[in-house]
Amino acid sequence: MVLLKKVDWVVQGDKMRLVFLGPPGAGKGTQAELLLKNFDYNHISTGEVLRQEIKNDTDLGEEVKDYVNRGDLVPDEIVTKIIKKWLKSLKNNNGIVLDGFPRNLNQAESLEKDFEIDHVLYFDLKEDEIIERLSNRLYCPNCEKFYNLKYNPPENDKICDKCGKKLIRRKDDTPEAIKKRLKVYNKNTHHLVEHYEKRNKLIHIDASKDIKEVFKQVVERINLEKNKI
Ligand code: ADP
Ligand code: AMP
């Protein structure tokens, strides 16, 4: 896969604390992976943490698995605890990307109580394109790397480029669960766009472009903000 390689641009805002916000399938995880590959950011995806817990059959995994598989939000206390523990555990002063958190006003307010974020990158994508992307998404259950059969295919048929494991479809990428997640996003998460806009933290990203173009926007916008300081 040639797209997710290092780029020549330099990110200047490498100490920024960022939230990646947007509907499921908008490309948040893909862009977080690129940012991490190119620059030293600390990154957490709450969805990824939850999937690992489910995969490892832990008590937490057991508690959250039905919510995740059907596309519902996991209770706020659980995800907030995961994020706060992670923030406390950080050992460096590098930038931070929170991917998939906060997902509602309650989570945003509880984060704001003891942590200030600098910017929220809102990955904006229309519903028909979201469905197209999610219906073609595959992932590696071993290294959690995401692919797309149409837009970002693995080099070898349904095999992870990184570790050689067979790629699978996420349990919540079925048509019913996709529909549910979109509904949940529109009802609970989309309000956060306005919430962060009012706080002058929102950066709009046109997520409909190809992966490299979107990444270019991400880097340019982060640099622009950094230069304002
Ligand atoms: P999210 O983390 O927001 O749910 P992903 O990063 O998993 O979204 O992307 C959803 C799917 O769309 C994946 O299969 C990914 O490979 C693909 N994808 C991501 N960004 C783009 C893009 N800009 N153009 C086309 N496909 C993309
Ligand atoms: P994602 O990988 O971001 O698409 O998240 C996958 C699933 O994990 C979601 O559909 C939810 O069930 C759960 N999840 C992830 N992040 C959160 C969150 N901040 N709050 C509640 N549930 C979450």
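In each ligand, atom 1 is the first atom listed, and ligand 1 is the first ligand listed.
Summarising the local packing, CG of Asp114 is surrounded by more than 12 heavy atoms from other residues, nucleotides or ligands at distances under 6.0 Å.
Looking only at distances, no side-chain donor or acceptor of Glu112 sits under 3.5 Å from a matching main-chain atom of Ile117. No donor-acceptor pair closer than 3.5 Å links the side chain of Tyr151 to the backbone N or O of Asn136. Asp124 places no side-chain N or O within 3.5 Å of a backbone atom of Asp206 that could act as its donor or acceptor partner. Lys28 places a side-chain N or O within 3.5 Å of a backbone atom of Gly22 that can act as its donor or acceptor partner. No side-chain donor-acceptor contact under 3.5 Å links Arg103 to the backbone of Asn188. Not a single donor-acceptor pair under 3.5 Å links the side chain of Asn56 to the backbone N or O of Thr58.
Summarising the contacts of atom 21 (C) of ligand 2 with Val74, Asn69, Asn104, the nearest heavy atom is found in Val74. For atom 9 (C) of ligand 2, the choice among Arg181, Glu48, Lys180, Arg103 with the nearest heavy atom turns out to be Arg103.
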What verdict does the side-chain contact (heavy atoms from CB on, under 4.5 Å) test give for Val219 and Phe39, after you've listed the backbone C-alpha separation in whole Å, the side-chain angles of each residue and the deciding distance to 0.1 Å?
CA-CA 10 Å; Val219 174; Phe39 313 109; 4.1 Å; yes

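Each of Thr46, Asn42, Leu111 was compared with Leu98 under the side-chain contact (heavy atoms from CB on, under 4.5 Å) criterion, and only Leu111 meets it. Of the residues Leu125, Thr30, Asp128, Ile178, the one that meets the side-chain contact (heavy atoms from CB on, under 4.5 Å) test with Arg133 is Leu125.
Checking only distances, Lys28 does come within under 3.5 Å of ligand 1, N or O to N or O. Checked by distance only, ligand 1 and Gly27 come closer than 3.5 Å through their nitrogen or oxygen atoms. Close N/O approach between Val214 and ligand 1 is not found [any backbone or side-chain N/O within under 3.5 Å]. The shortest N or O to N or O distance between Gly100 and ligand 2 is below 3.5 Å. By the 3.5 Å distance cut-off applied to N or O atoms, Gln107 is counted among the residues near ligand 2. Backbone and side-chain nitrogen or oxygen atoms of Gly29 are examined, and one is located within less than 3.5 angstrom of a nitrogen or oxygen of ligand 1. Of the polar atoms of Arg51, at least one N or O is found under 3.5 Å from an N or O of ligand 2, judged by distance alone.
Salt bridge status for Asp173 with Arg181: present, with a side-chain N to carboxylate O gap under 4.0 Å. Using a cut-off of 4.0 Å between Lys/Arg side-chain N and Asp/Glu carboxylate O, Arg70 and Asp72 are scored as salt-bridged. In summary, Glu109 and Lys113 do not engage in a salt bridge, as defined by a charged side-chain N under 4.0 Å from a carboxylate O. Residues Asp172 and Lys180 are not paired through a salt bridge, judged by the lack of any N-O separation under 4.0 Å between the basic side chain and the carboxylate. Using a cutoff of 4.0 Å between basic side-chain nitrogens and carboxylate oxygens, Glu116 and Arg199 are not scored as salt-bridged.
Of the protein's non-hydrogen atoms, the one nearest atom 13 (C) of ligand 2 is Leu50 CD1, 3.5 Å. Given atom 7 (C) of ligand 2, the protein heavy atom at minimum distance is Val68 CG1, 4.0 Å. Of the protein's heavy atoms, Thr46 OG1, 2.8 Å lies nearest to atom 16 (N) of ligand 2. Residue, atom and distance of the protein heavy atom nearest to atom 14 (O) of ligand 1 are Tyr147 O, 2.7 Å. In terms of protein heavy-atom proximity, atom 24 (N) of ligand 1 is closest to Arg133 NH2, 3.3 Å. Of all protein heavy atoms, the one lying nearest to atom 11 (C) of ligand 2 is Asp72 O, 3.4 Å. The shortest contact between atom 7 (O) of ligand 1 and any protein heavy atom is with Arg137 NH1, 2.7 Å.
With a 4.0 Å heavy-atom cut-off, ligand 1 is reached by no atom of Glu213. At a 4.0 Å heavy-atom cut-off, ligand 1 does not touch Asn136 at all. At a 4.0 Å heavy-atom cut-off, ligand 1 does not touch Phe123 at all. Neither the backbone nor the side chain of Val184 comes within 4.0 Å of ligand 2, counting heavy atoms alone.
Of all atoms in ligand 1, listed by their number and element, those nearer than 4.0 Å to a heavy atom of Thr30 are 5 (P), 6 (O), 9 (O), 15 (C), 19 (C). Every atom of ligand 1 with a heavy atom of Lys209 under 4.0 Å away is listed here by number and element: 22 (C), 23 (N), 24 (N). Set against the non-hydrogen atoms of Asp210, the atoms of ligand 1 under 4.0 Å away are 23 (N). Near Asn148, the atoms of ligand 1 lying under 4.0 angstrom from a non-hydrogen atom of the residue are 11 (C), 12 (O), 13 (C), 14 (O), 16 (O), 17 (C). Atoms of ligand 1 found under 4.0 Å from any heavy atom of Asn152, numbered from 1 in the order shown, are 16 (O). Of all atoms in ligand 1, listed by their number and element, those nearer than 4.0 Å to a heavy atom of Tyr151 are 25 (C), 26 (N).
The closest approach between Arg170 and ligand 2 falls below 4.0 Å for a heavy atom of the residue. At least one heavy atom of Gly25 sits less than 4.0 Å from an atom of ligand 1.
In the hydrophobic cluster analysis, where Ile, Leu, Val, Met, Phe, Trp and Tyr join through side-chain heavy atoms closer than 4.5 angstrom, Val74 is grouped apart from Val184.
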